[in-house]
Amino acid sequence: MKDSRFQWIGMIPANWKCERGKYILKYMQKPIKLDDGVITCFRDGEVTLRSKRREDGFTMADKEIGYQGIDVGDLVVHGMDGFAGAIGISDSRGKASPVLNVLDTKQNKKYIMYFLRSMAYNNVFLALATGIRVRSCDLRWNKLAELYYPIPPLDEQNRIAAFLDIKCSEIDALTMDIQAEIDTLEEYKRSVIMEKVTKGLEPNVEMKNSGIEWVGEIPHDWNKIKIKYATIEIKKGISPDYTEAEKTKIINQATFSKGFFDIENIRFANDDFNKSKGKVQRNDVLLATTGGGVLGKTYYFDEEGEFLASTDVAYLRVDTSKLLAKFLYYCLTINYAMFNDLMANGSTNQTHFDMPSLFNMFLPLPNIKTQNIIIDYLDKKCLEIEDIITKKKQQLEILNQYKKSMIYEYVTGKKEVV
């Protein structure tokens with residue numbers, strides 16, 4: 001082994017070289033064709049036609065200024081998302097915006113791809129970045145050209161790339177199996193909640209038609225109520241005067257859309273908490289009101305401290321003589337899909353929650369004693385399910401870290417493909 005002279009590479013085999021990108025890579029700018037579809041380089045490393053993955057959630061350019069052609073087998077590095085792993089080999093012919101770096105090389109492209117991904121996984125690109133944008137890095141050709149790459153003999157590159165293809169595929173397959181188990185557990189949790197908030201805990205009670213489409217039958221002594229008659233306040237938050245200084249704390253959708261209160265996604269504003277509207281209180285139910293993927297996500301707020309809600313968050317404050325906040329939370333949680341399908345309006349790129357539909361949404365309404373019993377049951381049952389899900393997610397993280405470590409060790413020669 002010998003010293004590569006670069007901290008992010010470390011020691012490399014004595015017969016390897018380190019070469020600048022401009023000597024081993026060629027920056028391509030190919031013409032587009034009339035029938036080319038749009039190609040995207042995703043953060044999981046897949047480079048493919050957008051239509052093969054999804055069509056929604058993208059910002060569509062009015063004019064395709066600077067668009068370039070991409071062929072099957074081209075090495076692609078995303079200029080903005082490369083730091084997060086958006087680096088891969090295209091499986092399709094198409095066109096893309098100039099934010100994608102399209103590269104060719106006489107080296108093994110997959111070996112170069114794996115090395116660049118390893119750089120991304122180990123935050124090297126972020127460390128080398130200049131500027132103030134958070135969690136972003138401008139990976140244009142001029143930076144890729146000056147970067148040093150460890151270069152083993154070509155036959156060794158081929159062995160490394162083939163080995164990593166097999167091993168990464170095995171890890172990815174196992175990851176997909178575990179993720180499928182998580183999805184099944186999440187669906188089971190939703191079904192348990194749905195069953196208990198609409199049918200109660202007693203299995204053999206007399207039932208009646210609720211008149212609510214998503215509910216169906218309810219116990220004969222339950223009622224129904226519109227949300228606006230069971231709450232004392234339903235409001236969206238404010239448009240904060242954001243600042244980097246740690247001042248008034250602002251809750252946005254990212255703070256709770258993952259299902260927990262993420263303190264890392266608290267932002268700060270210059271707004272005076274005492275004079276401002278949008279104050280969130282304990283036992284409020286929070287609702288994400290904007291955007292694809294998180295629209296309709298809910299959270300039962302039970303945190304200590306002073307917080308304001310941002311304009312993309314609605315807070316619901318219940319009339320406790322009629323409805324308990326946790327019961328409302330469970331009812332809204334299972335309606336997440338319905339919120340996205342039926343209660344949103346706006347453009348393809350930015351959907352917004354239809355607040356009047358929320359006000360007039362019917363809920364099943366047992367008495368307060370029954371609500372408490374159902375809440376206690378669901379709190380315990382959901383905690384059991386979530387404990388299993390947490391263990392599954394820990395397995396995913398272990399696999400993810402192992403995959404990153406494995407790639408790094410082989411593309412820098414610290415382990416040898418036998």
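Note that the numbering runs from 1 along the sequence shown for the chain. What's counted below: heavy atoms across the whole structure, side chains too, no hydrogens, waters or symmetry copies.
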Might you work through the side-chain contact (heavy atoms from CB on, under 4.5 Å) test for K33 and R93, ending with a clear yes or no? CA-CA 10 Å; K33 300 178 181 178; R93 165 67 207 189; 3.6 Å; yes

N122 side-chain N/O to M119 backbone N/O, donor-acceptor pair under 3.5 Å: no

Would you kindly check if the NZ (Lys) or CZ (Arg) of K228 is within the cone defined by 45 degrees around the ring axis of F359 and under 6.0 Å from the six-membered ring centre? no

Would you please indicate yes or no on a ring centroid separation below 6.0 angstrom for Y121 and Y408? no

Would you say P240 and F268 make side-chain contact, with heavy atoms under 4.5 Å? no

Mind checking the NE2-CG spacing from H78 to L100? Nearest 0.5 Å is all I need. 5.5 Å

Side-chain ion pair, K415 and E409, N-O less than 4.0 Å: yes

Minimum side-chain heavy-atom gap L358-L287 below 4.5 Å: yes

Less than 4.5 Å apart, any side-chain heavy atom of I70 and any of K95? no

Centroid separation under 6.0 Å, is that true for the rings of F163 and Y410? yes

Looking at K391 and D387, is there a salt bridge between them, counting it only when a charged N and a carboxylate O are closer than 4.0 Å? no

Does D44 come within less than 4.0 Å of R117, counting only side-chain N to carboxylate O? no

Are I250 and S310 packed together at the side-chain level, in the sense that at least one heavy-atom pair is separated by less than 4.5 angstrom? yes

Do W141 and L25 have side chains that approach each other closer than 4.5 Å (heavy atoms only, starting at C-beta)? yes

So does V411 get a backbone contact from the side chain of Y111, meaning a donor-acceptor N/O pair under 3.5 Å? yes

Within-4.5 Å side-chain heavy-atom neighbours: L144 and L116: yes

Carboxylate-amine/guanidinium proximity below 4.0 Å for D379 and K326: yes

A side-chain contact here means heavy atoms from C-beta on lying under 4.5 Å apart; do I160 and E416 qualify? no

Taking the six-membered ring for Trp, are the ring centroids of F256 and F261 within less than 6.0 Å of each other? no

Rounded to the nearest 0.5 Å, what separation is found between the CG atom of L363 and the CG atom of L365? 8.0 Å

Output yes when K279 and E306 qualify as a salt bridge under the 4.0 Å nitrogen-oxygen rule, no when they do not. no

What's the separation between atom CD1 in I407 and atom NZ in K403, rounded to the nearest 0.5 Å? 5.5 Å

Ion pair check, E146 and R20, cut-off under 4.0 Å: yes

Just so I know, are the side chains of F307 and I266 near enough to count as touching, which here means a heavy-atom distance under 4.5 Å? yes

Spacing of K392 atom NZ and D177 atom CG [to the nearest 0.5 Å]: 10.0 Å

Decide, yes or no, whether a salt bridge links D312 with K236 under the criterion of side-chain N to carboxylate O below 4.0 Å. no

